[in-house]
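Working notes, beginning with the structure itself.
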Amino acid sequence: MIDMQNSVLANRPYWRKSMELRHMRSFLAVAEALSFVRASRILHLSQPALTTQIQQLEEELGVRLFFRNKRRVELTDAGRLFVGEASEALERTAKAVERVRRASRGEIGLLRVGFVSSAALSIIPRLATAFRRRYPLVQLELMNLRTTTQLEQLANGTLDIGFVRLPAQQRGLLFTPIHTEPFVIVLSKHHRLAGKKSLSLKDLAEESFILYGRRWAPGFFDQVMRMCASAGFTPNLVQETGEMYTAVALVAAGEDISILPRSVVMSQGLGIVSKTIPGTFGRSEIALVTRQDVSSPTIDNFVGFAKRMD
């Protein structure tokens, strides 16, 4: 019996696909009770049906699992070994089933999330922290990426979710605005206009501008240019930057000015002043972006979470 045990049971996996989990559950019930009568009661199964299942299991394994007669039931050496193996198999199965169910609810997985740097303070930290608290088994891969890069990666499937500055558009992508704020005029505290109580866009017609560049966020750049055009002038653009915070730093160091979303300026230190733009010149928006043709419970959970937090 030991030789048969070693040759059959020691090499895992030792059961064929036809073996059913219910057979192993029945075996463990009998092994614990050492009684077919008591085990059948525990399993709510007739004794003949239980006996048939154990016989089928023994035939499948090619070993005898129990010594039994009218007075007693005992495990064979192979049976004692199979207790541990069957228990582990059922435990692994239960864990696998639970993981699959959690994955179907979006509670397990990986999300690749891109965001523009200006969302790094106003949106991403509180959203990521709250989402991880609610879904601790979802791994967030957070990447600071420019708008154009995010749109490219969303389209080719290397990014799951993006946070971009509007206006922006691309076929096949779904844009959901989740944050809005006013534009402000940004100047060095030493600029000749810094002391004025209020500024209009017309006051800036002769100034030199540093702007968030069109190659990185064409929609945002064009929005600022339209604002200036509505005030009757075309900005004298002396520098484009790939980061809004870089634009702020350059403004603080010189005599140029910029037009940026308010949150970008509020997060900066000394050296600059900002002026609210009077009148209605639109607002700057950040949108959450996903692919229209690709969804998952994990993505849906994140999108819903972001909408509720706004």
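The figures that follow rest on heavy atoms only: side chains count, while hydrogens, waters and symmetry mates do not. The model shown is predicted, which means the values in this text are computed figures rather than measured ones.
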### Message
With a 4.0 Å cut-off on N to O distance, would you call Arg68 and Glu58 a salt bridge?
### Response
yes
### Under-4.0 Å salt bridge between Arg92 and Glu85
no
### Message
Please check: side-chain N/O of Gln223 versus main-chain N/O of Arg283, any donor-acceptor pairing under 3.5 Å?
### Response
yes
### Query
Hey, does the side chain of Arg146 reach the backbone of Gly242 with a donor-acceptor pair shorter than 3.5 angstrom?
yes
### Task
Could you please spell out the steps behind the salt bridge (Lys or Arg N to Asp or Glu O under 4.0 Å) verdict for Arg165 and Glu181?
CA-CA 11 Å; Arg165 282 278 174 186; Glu181 60 186 302; 3.0 Å; yes
Inspect the surroundings of [atom1] in [X] and state if more than 12 heavy atoms from other residues, nucleotides or ligands are less than 6.0 Å away.
X: Glu206; atom1: CD; result: no
X: Glu32; atom1: CD; result: no
X: Arg41; atom1: CZ; result: no

Going from [atom1] on [X] to [atom2] on [Y], what distance comes out if it is rounded to the nearest 0.5 angstrom?
X: Glu59; Y: Ile54; atom1: CD; atom2: CD1; value: 11.5 Å
X: Thr246; Y: Glu240; atom1: OG1; atom2: CD; value: 13.0 Å
X: Arg80; Y: Leu75; atom1: CZ; atom2: CG; value: 6.5 Å

### Message
Listing request: all ring-ring contact (aromatic ring centres under 6.0 Å, His included) pairs with a residue in residues 98-134, at least two apart in sequence or in separate chains.
### Response
Phe131-Tyr135, Phe131-Phe302, Phe131-Phe305
#### Entry: With sequence neighbours excluded, residues passing ring-ring contact (aromatic ring centres under 6.0 Å, His included) with Tyr212
Phe220
Could you go through residues 251-260 and list every donor-acceptor pair under 3.5 Å that involves a side-chain atom there, pairing it with any protein atom two or more places apart or in another chain?
residue	atom	partner	partner atom	Å
Asp256	OD1	Ser208	OG	2.4
Ser258	OG	Ile210	O	2.6

#### Entry: For Lys275 against Gly195, the heavy-atom pair lying closest together
NZ-C, 4.5 Å
### Message
Under a 3.5 Å cutoff, is there a donor and acceptor pairing between the side chains of Ser274 and Arg262?
### Response
no
### Query
So, Glu60 and His23: side-chain donor and acceptor under 3.5 Å apart, yes or no?
no
### Task
Indicate, with yes or no, if Leu154 and Ile124 share a hydrophobic cluster defined by side-chain heavy-atom contacts under 4.5 Å among Ile, Leu, Val, Met, Phe, Trp and Tyr.
no
### Task
Could you walk me through whether Asn301 and Thr298 pass the side chain to side chain donor-acceptor pair (under 3.5 Å) test, one step at a time?
CA-CA 5 Å; Asn301 286 346; Thr298 311; 5.8 Å; no
